[in-house]
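What follows is a set of notes on a single structure, which appears directly below.
Atoms within each ligand, like the ligands themselves, are counted from 1 in listed order.
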Amino acid sequence: MTPERRPLIAGNWKMHFGGAAGVELAQAVAQLAPALARVDLVIAPPFTALAACAHECEGRRVQVAGQNLHPGDAGAFTGEISAPMLIDAGCRWVILGHSERRQLFGEADAFVAEKVASALRAGLTPIVCVGETLDERTGGRTLEVVSRQLVAFLDVIAAAQAPVAIAYEPVWAIGTDKNAGPAEAQEVHAAIRRHLGGKSAALASRTRILYGGSVKPDNARDLLAATDVDGALVGGASLDAASFGAIAGAAEALAAR
Ligand code: PEP
C-alpha cells in the first residue's frame, strides 16, 4: 500500500443530524481520533451542520465533507451549494455521484463529471461513488456499469494531479444489510484500479478506492482486508460514534499489522 492509500473511513450522515445533534456526533467522532492514528476520518453532515461540525473538528484529525455540490461557483441556482461555499464552510472533501443522487435526483454521468471538475478546481477532494443496481448485477453487467460511470470522470481526475477517492457502492447493498462479500468487492475494486492504471500508473497508485454498502462493525474487517479496498464509505453505521469507531478501529488494526 502506498502512503497516499492510507485507510480512509468516511461517514455519510445523509439527511440526519443537521443541527446541534450533528455537532455532538462530530465531537464524539473527534474523541475517537487519537486512537486511530493510522486512519483518515471524514464525516459528511448535512449542509446545515457543516460549518459547526468543521469548527468542532478543527485540529482534531477529523475532516468534513459535503454530501453534494452544484458545479457552478455561484449564480441563480436556488437551493444549491457550490464548491467554494463548501470550502468556506470548512470542508476539505465532498461526496459526489452517490446512488441516491443518481437514482432519486436524476444525476447523469456527465453531470457527476462536471461536479468532480468543480470540486477539484476549488481544492476539495471528491469521493466519487459508482455502483450497479441489483438488476445490473444479476444481469452480469456490474463491471460494464461501473466502468461506464468511471470513464465519465476519468479524464478529469487524471488531468487534475490531485487526490481523489472512488467509492464502490453496489446499490443493492446500500441501507439493506446486504453487503458484497470481500471477494465480490475485491473483483470490482481491482477492475477500477486497472482502469485507473490504463490512464496512468500514478493515478492507480494514489487513488483510494473505498467500499460502501452496509459496512458494519462485524463485517468491516473482512472487507477492509481485501487488497484493493482502501477504506469504507459508511452510511447507517456512521450515525453512531461507537459503530463508526469500531469500523475505523478495524482499519487501524489492519494498518498496524
Ligand atoms: C451510503 O449511503 O453511502 C451507504 C453506504 O449506506 P449504508 O452504509 O447505510 O449502506
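With 3.5 Å as the limit, one finds a donor-acceptor pair spanning the side chains of E132 and W172. Between the side chains of K216 and N179, not a single donor N or O lies within less than 3.5 Å of an accepting N or O. Side chain to side chain, Q186 and D228 meet the donor-acceptor criterion of an N or O pair below 3.5 Å.
When all heavy atoms are compared, the tightest approach of S243 to A237 is CB-O, 3.4 Å. Closest of all the heavy-atom pairs between L120 and A162 is CD2-CB, 4.0 Å.
Taking a heavy-atom cut-off of under 4.0 Å, ligand 1 is surrounded by N12, K14, H98, E169, A173, I174, G175, G212, G213, S214, L233, V234, G235, G236.
For the side-chain contact (heavy atoms from CB on, under 4.5 Å) with R92, the qualifying choice from V64, V42, I87 is I87, the only one to do so.
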